[in-house]
Engineer: 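Can you keep this structure in mind? I'll have questions shortly.
In what follows, every chain begins at residue 1, and chains take the letters A, B, ... in the order their sequences are listed.
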Amino acid sequence: MALCKGPRTRLPVGASALGFFVLGWLYIFPVYRLPDQKAIVQGVLLQQGRAWRRNLTAAAGFRKLLEDCCDPAQFFAMTKQNSPVGKNLWFDGEFLYSFTIDNETFSLFPKATPFQLPLKKCSVVGNGGILKRSGCGRQIDQADFVMRCNLPPLSRQYSRDVGSKTQLVTANPSIIQKRFQNLLWSRKAFVDSVKVYNQSYIYMPAFSMKGGTEPSLRVYYTLADIGAKQTVIFANPNFLRDTGKFWKSKGIHAKRLSTGLFLVSAALGLCEEVTIYGFWPFSMDLHGKFISHHYYDNVLPDSGFHAMPEEFLQLWFLHKNGVLRMQLERCEDDPLSHSAA
Amino acid sequence: MGYSDPTSSRDLLGNRSLLFIFICAFAVVTLLQQILYGRNYLKSGLQFSWQSGEEMANWTGSLNFTDGGALRSGADPGTRYFEFYEGPFDYNSTKCLELRQDIIEVKVLSMVKQTELFERWRNLQICKWEMNVTEAKLFKSTLSRCCNAPAFLFTTQKNTPLGTKLKYEVDSSGIFHINQETFRMFPKDMPYYRSQFKKCAVVGNGGILKNSRCGQEINRADFVFRCNLPPLSEKYTADVGIKTDIVTVNPSIITERFHKLEKWRKPFYDVLQAYENASVLLPAFYNTRNTDVSVRVKYVLDDFESQQAVYYFHPQYLINVSRYWLNQGVRAKRVSTGLILVTAALELCEEVHLFGFWAFPMNPSGIFITHHYYDNVKPRPGFHAMPSEIFNFLHMHSKGILRVHTGTCS
């Protein structure tokens, strides 16, 4: 306001010229630029010919790294052990906003991380369109522990490609808000829609955003009221924040990591062998054919929130080093699943 | 006007004007006393100086004199019935006629002292109650003209078609557009018709029910209304019965006790289960705050696949009922649920019995009682006009339109 009023408070010409110069410089020589989508596909194709071998030492080393920074075995979920009543926790997706665990919330937590640790073979299933017509369902189901992201559809038409087994599925509070009216009205649709996950854990980032707490707790109440087979566990904001920092130090520039990367990090810490499926954030497959964004729809995400290509590069790097196995091709005529050493 | 003479305002609160004001005030107070406590007040004083000897028996029946000398034959029951009492008096016996007249004559609650009213009510208990068919018919026809419960008690698909702009009972809440989703929750048509049931019981929650042993009699009724999710646990069933056909739920209870059903829902469902197959009745369109909560009740019952039906009071019916009772002298922000249910029952049933409707701190014999039969939480003052409602019921009892039970049942 003051700027508009005063006639003599115009920005000096020199300063604005400097500003334009800097912007122009950054445009021509950006500080940081991702390789082109085509370049990444080329890089992946170069690697395709070679046989992949699990590198046990690298896997152990990486697990050690994760344990040091985030300790998934203990801090993966909110438990009575790691979050006693009265503990103050900071929301990891908000700026300076905390909450205190009260008696009512505390009673919803399990005693300790409810998995039989360590887990043997894990499959982490992303929702990338590359899974479509991949025929990987059987291979995914062969794992002991299958993790999925964001309540994906598992109807019969997809089961050949993505399998039907689930031990852990994440659910975003935003989905609850959009698809199930925040569970404020009829809850039957939600209860029916999670029946496909059978006896699994529903992993909810309840304490990441302010607005997500209520819907997440409501998911718990809903499933407990009706006596459903699924159990709700809540993500520990400390684990999420530490994992975020860990990857940031590895060079992922994004406001927030994707659920998939959180799950992969947790799996790398919890499981002995990790195979990931459907992590492919590009609009064409390895043969240059166009594919949809998800295997079930083609709704693109909001740009600028997640940095999927960067995350992919990191995972690809881990694949090359033999820490995890990334499945990108079709599975059917592929006996590779047994080649893991 | 007074501005022309500046000195005229000097005596505004001077001695003379003050004195005048006091005299006026005194006169007004005296006048009011005369009007309110009226004849009684003067007469009882008058009688003591005037009556002598044989007139002594008449001292409580002072109202006889106001009738212009139409002296009744019988002696006063209040003093005599202990001597001659053999069994309940017939409904149409002269004594009972007279006793009933005693109550009907009290036009306004403030006309007599509460104890006086209690005494007259207590005296009436020796008479058997019988329905006065002509009076009842007359009353019911008035109700059907004003309120018409068999068509308008609930919102139905028939009386509230899709797209209706339903007016809330509270004016400031505006209107509610009936959309597809809400419309689907309504029943096709009213599930009850006029005078469908022979004998109905409307059970209030008054503390007078405690130790009344009326449970069996309530259970014997063909149709039982209850208010505000009353507890029906084991220790109360002997007094209040178990049979329930309609139970009303106040949305404020859901808001307070069940977190608006936004969190856990099973506890609420479990509470409703206690009423077996009773329909749940909610004032969803009383004001905007009630609507969401009430609609949620329907969802809860559907989600749990319950057989219980959910109905909503039609706001226009509520408006009509309160307007009707306002004309009868029930002045309150809102008529109570009990009064609404009684009004509805009068149209849906032939014979209406009221249990637990007694909103005074003591029972007719003057013994203090709790406010509800299950707790002693007093309501918000100034919201309902319970005593006035009860007073109307006593009137209707005396006229033979309905029956109010205040004693113990055998």
Side-chain angles (χ1 to χ4, degrees), chain A residues 78 85 99-110 171 173-197 202 204 206-207 209-234, chain B residues 155 162 176-187 229 249 251-274 280 282 284-285 287-312:
Chain A
M78 299 286 277
V85 183
F99 73 102
T100 313
I101 297 168
D102 54 5
N103 257 323
E104 206 190 336
T105 325
F106 179 75
S107 64
L108 311 181
F109 300 154
S174 65
I175 297 185
I176 307 295
Q177 264 157 10
K178 276 182 218 148
R179 267 171 51 196
F180 303 104
Q181 292 101 41
N182 235 333
L183 297 177
L184 283 178
W185 309 104
S186 184
R187 294 175 169 181
K188 203 164 171 36
F190 175 74
V191 173
D192 288 344
S193 80
V194 296
K195 271 188 184 145
V196 286
Y197 306 116
I202 295 183
M204 300 217 55
F207 307 106
M209 305 276 185
K210 257 189 289 186
T213 311
E214 283 284 303
S216 309
L217 295 184
R218 220 168 275 140
V219 169
Y220 188 99
Y221 297 135
T222 304
L223 294 177
D225 269 351
I226 219 102
K229 281 188 283 181
Q230 299 81 19
T231 319
V232 179
I233 52 177
F234 304 108
Chain B
T155 50
L162 190 61
F176 182 84
H177 290 263
I178 302 293
N179 51 18
Q180 186 70 46
E181 206 174 342
T182 329
F183 181 71
R184 234 182 301 123
M185 294 181 182
F186 295 160
L229 280 188
V249 184
S252 68
I253 296 182
I254 300 176
T255 308
E256 282 156 29
R257 266 171 61 194
F258 302 102
H259 310 280
K260 296 185 178 177
L261 299 175
E262 284 175 359
K263 296 184 170 182
W264 298 100
R265 288 182 172 181
K266 189 106 198 306
F268 178 69
Y269 172 70
D270 289 342
V271 166
L272 284 188
Q273 284 290 91
V280 182
L282 297 133
F285 305 105
N287 61 19
T288 35
R289 249 176 304 147
N290 285 5
T291 312
D292 286 359
V293 175
S294 311
V295 166
R296 226 166 263 153
V297 171
K298 174 77 177 161
Y299 285 124
V300 171
L301 289 179
D302 282 356
D303 281 358
F304 283 103
E305 282 156 11
S306 163
Q307 297 299 312
Q308 284 167 291
V310 178
Y311 300 123
Y312 305 123

Engineer: Evaluate the side-chain proximity of A:L223 to A:F190: yes if any heavy-atom separation is below 4.5 Å, no if none is.
Structural biologist: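 Yes, close enough: below the 4.5 Å cut-off.
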Engineer: Heavy atoms, side chains only, cut-off 4.5 Å: are A:F180 and A:T222 in contact?
Structural biologist: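 In short, these two side chains do not touch, never coming nearer than 4.5 Å.
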Engineer: Side chain, backbone, both or neither: which part of B:E305 has an atom under 4.5 Å from a heavy atom of chain A?
Structural biologist: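 Side chain only.
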Engineer: I'd like to verify something: which residue of A:A189, A:G227, A:A224, A:S186 has the highest number of heavy-atom pairs under 4.5 Å with chain B?
Structural biologist: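 Of the candidates given, the most pairs with chain B belong to A:S186.
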Engineer: If you count heavy-atom pairs under 4.5 Å between each of A:R187, A:R218, A:E214, A:K188 and chain B, which one has the most?
Structural biologist: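 Heavy-atom pairs under 4.5 Å are most numerous for A:R187.
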Engineer: Which residue, B:T291, B:L261, B:I254, forms the side-chain contact (heavy atoms from CB on, under 4.5 Å) with B:R296?
Structural biologist: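 Going through the options one by one, the only one that passes is B:L261.
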Engineer: Verify, without hydrogens or angle tests, whether A:Y197 (side chain) and A:I202 (backbone) share a donor-acceptor contact under 3.5 angstrom.
Structural biologist: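 Checked: no pair found.
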Engineer: Contact part of B:F304 toward chain A, heavy-atom cut-off under 4.5 Å: side chain, backbone, both or neither?
Structural biologist: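 Only the side chain of B:F304 comes within 4.5 Å of chain A.
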Engineer: Among B:R265, B:E262, B:K298, B:K266, which has the most heavy-atom pairs under 4.5 Å with chain A?
Structural biologist: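 Answer, by heavy-atom pair count under 4.5 Å with chain A: B:R265.
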Engineer: Do A:T105 and A:V85 have side chains that get closer than 4.5 Å, going by heavy atoms?
Structural biologist: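 A:T105 vs A:V85: side chains apart.
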Engineer: Considering only heavy atoms and a distance below 4.5 Å, find which of A:V191, A:D225, A:I226, A:L217 pairs most often with chain B.
Structural biologist: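 The candidate making the most pairs under 4.5 Å is A:D225.
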